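Inspection log for the structure reproduced underneath, given as structure tokens.
Atom set for the values below is all heavy atoms of this structure, side chains included, hydrogens, waters and symmetry mates excluded. First the proteins, then the strands, lettered A, B, ... as listed; each starts at 1. Worth saying up front: this structure is predicted, and the values here are computed from it rather than measured.
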Protein chains: 4
Amino acid sequence: MVPRGRPRDAGVEGRVLDAAMAEMRARGYDAISVDRVAERAGVAKTTIYRRWPSKAELVMAMIARLRGGVPFDPSDDPRHDLTELVTGIAATLEALPTTLVADLTAAAAREPRVGESVRALWAERHAAVTAVIAQAQTDGLLPGHADPRVVVDQLVGPLYYRLLITGEPIDPAYVRALVHSTLGPEQS
Amino acid sequence: MVPRGRPRDAGVEGRVLDAAMAEMRARGYDAISVDRVAERAGVAKTTIYRRWPSKAELVMAMIARLRGGVPFDPSDDPRHDLTELVTGIAATLEALPTTLVADLTAAAAREPRVGESVRALWAERHAAVTAVIAQAQTDGLLPGHADPRVVVDQLVGPLYYRLLITGEPIDPAYVRALVHSTLGPEQS
Amino acid sequence: MVPRGRPRDAGVEGRVLDAAMAEMRARGYDAISVDRVAERAGVAKTTIYRRWPSKAELVMAMIARLRGGVPFDPSDDPRHDLTELVTGIAATLEALPTTLVADLTAAAAREPRVGESVRALWAERHAAVTAVIAQAQTDGLLPGHADPRVVVDQLVGPLYYRLLITGEPIDPAYVRALVHSTLGPEQS
Amino acid sequence: MVPRGRPRDAGVEGRVLDAAMAEMRARGYDAISVDRVAERAGVAKTTIYRRWPSKAELVMAMIARLRGGVPFDPSDDPRHDLTELVTGIAATLEALPTTLVADLTAAAAREPRVGESVRALWAERHAAVTAVIAQAQTDGLLPGHADPRVVVDQLVGPLYYRLLITGEPIDPAYVRALVHSTLGPEQS
DNA sequence: TGGTAAGCGAGACGGTACGTCGGGTCTTCCA
DNA sequence: TGGAAGACCCGACGTACCGTCTCGCTTACCA
């Protein structure tokens with residue numbers, strides 16, 4: 001299929017999504033206005049609607065860009081690896097406005113397609129945690145009775161729980177306590 | 001303070017909140033429109049705003065009605081009590097539309113006052129879990145090294161995590177596995 | 001029927017129509033923008049749409065206000081009366097931007113309801129001309145063979161014809177020539 | 001000047017103007033959209049704009065095709081010639097949708113260039129009428145006091161007046177009455 | 001019993017955003 | 001160079017909400 005007509009301006013997508021992100025940071029998630037995004041991006045509103053059929057899709061695309069780019073290099077010390085991974089997740093969550101995470105979650109629950117996109121956001125790191133846990137269990141560092149999938153939930157779930165439900169802070173001490181509670185006291 | 005003037009119509013509150021709930025079930029959380037709620041409740045918009053200063057507060061009140069009415073009677077078997085409590089929380093979460101829980105969470109993150117209200121929703125049960133955990137630790141049923149607050153998060157957090165983040169199901173087996181993983185294998 | 005609810009702000013209609021007229025004079029008939037009219041009138045766009053369901057209706061209302069208010073006092077000299085009447089019509093036409101008259105005509109042809117409204121604009125004066133012509137014929141001042149309705153058309157039609165079709169000027173001399181050509185040379 | 005490059009597709013002009021006319025008949029003058037015309041004509045919008053610099057010019061060209069092709073052969077009977085000419089003008093006006101004539105008039109008032117074009121539409125016939133009137137006056141068939149230009153306006157103007165302003169019908173009897181009123185009763 | 005204070009229904013109003021449509025320009029490839 | 005295809009800018013339209021306001025009517029208590 002030969003592309004016909006004037007090709008899409010490659011810069012538009014980036015400028016628009018940047019603008020959307022900036023709007024979101026400046027005024028909050030649900031105050032994102034397509035008109036303002038267009039103006040900030042130096043783009044006509046129609047151009048935005050040509051690419052994303054609704055504001056929801058635009059926001060979804062904006063979210064999708066947050067993904068990726070966090071390298072993780074497993075060592076042979078599961079305790080260290082888990083601490084690092086969980087700290088990383090916590091740091092990401094803390095770096096984003098809580099409102100954004102919550103609104104993302106809500107959007108994910110509403111729209112299956114957004115759901116996929118949002119879950120993909122967290123997927124990479126959760127997978128890494130799962131891998132480390134599995135390895136730890138193989139190495140006999142975990143009580144044999146524990147279901148590894150449950151252990152992962154118990155390690156990662158509390159982060160979201162605190163952020164979204166109880167509003168309690170997530171600090172390094174808490175992360176250590178989580179790992180501690182999961183793997184048992186450190187034997188030095 | 002003697003109330004002056006015409007007393008408030010006692011039926012209004014119920015009718016409005018019923019209508020709001022119906023709207024929510026019929027068209028989704030974010031399609032709740034104050035005008036439509038008013039119409040459905042057979043009430044003037046003014047009347048709604050007299051009682052609840054904003055749509056958020058109205059929704060909050062609607063939510064608040066979901067609360068309460070779950071008696072809990074601690075036995076002397078913490079394992080049993082925890083299973084029952086966590087099962088109860090899970091049942092509540094599963095009974096509500098996921099979207100509602102997610103949107104509540106989002107609203108809580110946006111508006112501090114809504115936050116309080118939503119947290120109050122869960123507070124009673126979380127408190128019960130905390131109490132049982134504390135007792136269990138006193139009884140020596142928990143590893144001494146565990147911070148009880150962390151243990152609570154690890155018991156309850158995964159429920160919200162599955163519901164809101166991963167979308168994985170929460171079934172009785174999962175609840176048992178959680179308790180199991182927390183208290184260690186049952187010694188029969 | 002008892003009026004319910006907050007009564008309409010009596011000043012709004014006038015302010016909006018004034019604003020519409022100002023817009024029209026300033027930027028031309030088809031450059032009237034509802035948003036700008038709203039802003040100029042100090043009124044919300046929704047308020048305009050509450051009263052007039054579309055821009056066309058708004059413009060129609062604006063037009064309707066141009067009507068009326070030109071007293072005519074028949075003397076017993078038909079030649080004088082006709083000259084005065086035709087001069088008046090010509091003055092009105094010249095006072096309005098030609099574009100407006102033309103656009104009005106076009107709108108009238110498109111929309112029957114607008115048509116009625118626009119025809120009503122001219123009706124009063126045309127009726128006066130008809131009356132004077134009829135009187136003149138009764139008085140024997142017109143050739144007996146002429147159909148009075150045709151005479152009216154021949155007296156008034158050329159004004160619109162020049163304005164809209166040929167674009168030739170309508171000056172007092174032309175008006176005199178018209179009357180002259182209709183009634184024959186003045187017998188002094 | 002040797003033409004370079006690919007020659008213009010001769011069929012395009014006709015297809016586009018046909019399409020424009022069809023659009024006009026189907027949906028009304030002001031619903032003519034360049035995009036739709038292009039689509040209907042199976043032509044790119046660019047191609048249209050290459051030939052006609054604006055929608056107005058396109059419509060103008062569409063109109064221009066309506067012109068011409070009405071041979072007129074003056075006899076030596078002015079009454080007969082005038083009747084025939086005026087009947088011809090009336091027939092043309094009646095054959096077109098009133099909306100079209102009115103919109104043309106409006107477009108002519110807005111855009112000087114369109115004005116020229118539209119006036120050219122009528123010019124040929126109006127000139128013929130002028131010529132016959134002049135001849136009639138030379139022959140002494142008209143009252144000496146009449147300005148021939150005014151007489152022309154009084155003969156032709158009423159047609160447009162009825163069509164555009166009063167909406168009254170133009171039938172053969174009316175045309176005869178016009179000529180009658182202008183030349184005086186027929187002396188048989 | 002008549003005044004005063006508040007509740008209530010109804011709906012106007014200001015404001016912000018949405019998604020769509022149309023005109024006219026520009027950019028690419030192909031003939 | 002002409003043409004098809006379609007991206008792009010700009011400006012306007014009409015709609016949907018929210019939260020405030022202004023009426024008239026009703027229901028209480030209080031003097």
So which protein N/O to nucleotides 28-31 of chain F N/O distances come out below 3.5 Å?
none

inquiry  = Whether D/D18 and D/R65 form a salt bridge (side-chain N of Lys/Arg under 4.0 Å from carboxylate O of Asp/Glu) is what I want to check.
reply    = yes
Worked verdict on A/L104 versus A/Y29 for side-chain contact (heavy atoms from CB on, under 4.5 Å) = CA-CA 9 Å; A/L104 243 52; A/Y29 180 91; 4.1 Å; yes
Salt bridge (Lys or Arg N to Asp or Glu O under 4.0 Å) partners of [X], counting only residues at least two apart:
| X | answer |
| --- | --- |
| B/R40 | B/E23 |
| D/K45 | D/D35 |
| C/D30 | D/R110 |

message = Contact between C/V118 and C/T105 at the side-chain level, heavy atoms closer than 4.5 Å - yes or no?
response =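 No, their side chains stay 4.5 Å or more apart.
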ask   = Do A/L100 and A/I63 have side-chain heavy atoms sitting under 4.5 Å apart?
value =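 Side-chain contact under 4.5 Å: yes.
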message = Would A/I165 and B/W122 count as a side-chain contact (heavy atoms from CB on, under 4.5 Å) here? Give the steps.
response = CA-CA 9 Å; A/I165 307 298; B/W122 322 124; 3.5 Å; yes
Just how far, in rounded Å, is [atom2] of [N] from [atom1] of [X]?
| X | N | atom1 | atom2 | value |
| --- | --- | --- | --- | --- |
| C/D9 | E/dA10 | CG | P | 22 Å |
| A/D35 | F/dA16 | CG | C1' | 15 Å |
| A/R8 | F/dC8 | CZ | P | 6 Å |

message = So, does B/S33 get its side chain near the phosphate of F/dC18, meaning an N or O under 4.0 Å from OP1 or OP2?
response =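 Yes, because at least one side-chain N or O of B/S33 sits under 4.0 Å from OP1 or OP2 of F/dC18.
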query = If you find the nucleotide of DNA chain E closest to C/G42 and the one closest to A/I32, which residue's nucleotide is nearer the 5' end?
reply = C/G42
C/R119 atom CZ, over 12 foreign heavy atoms within 6.0 Å =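 Enclosed: over 12 neighbouring heavy atoms sit under 6.0 Å from CZ of C/R119.
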query = Do any N or O atoms from the side chain of B/T47 and from the backbone of B/V43 form a donor-acceptor pair under 3.5 angstrom?
reply =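 Not confirmed, B/T47 side chain does not pair with B/V43 backbone.
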Contact list for DNA chain F against residues 10-31 of chain A - heavy-atom distance below 4.0 Å =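 When residues 10-31 of chain A is checked for heavy atoms under 4.0 Å from DNA chain F, the hits, listed by number, are A/V12.
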inquiry  = Can you list, in residue-number order, the parts of residues 44-58 of chain D that come under 4.0 Å of DNA chain F, counting heavy atoms only?
reply    = D/A44, D/T46, D/T47, D/R50, D/R51
key: Residue that, paired with A/W52, satisfies side chain to side chain contact (heavy atoms under 4.5 Å, CB included) out of A/M60, A/E13, A/M62   =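 Exactly one option meets the side chain to side chain contact (heavy atoms under 4.5 Å, CB included) with A/W52, and it is A/E13.
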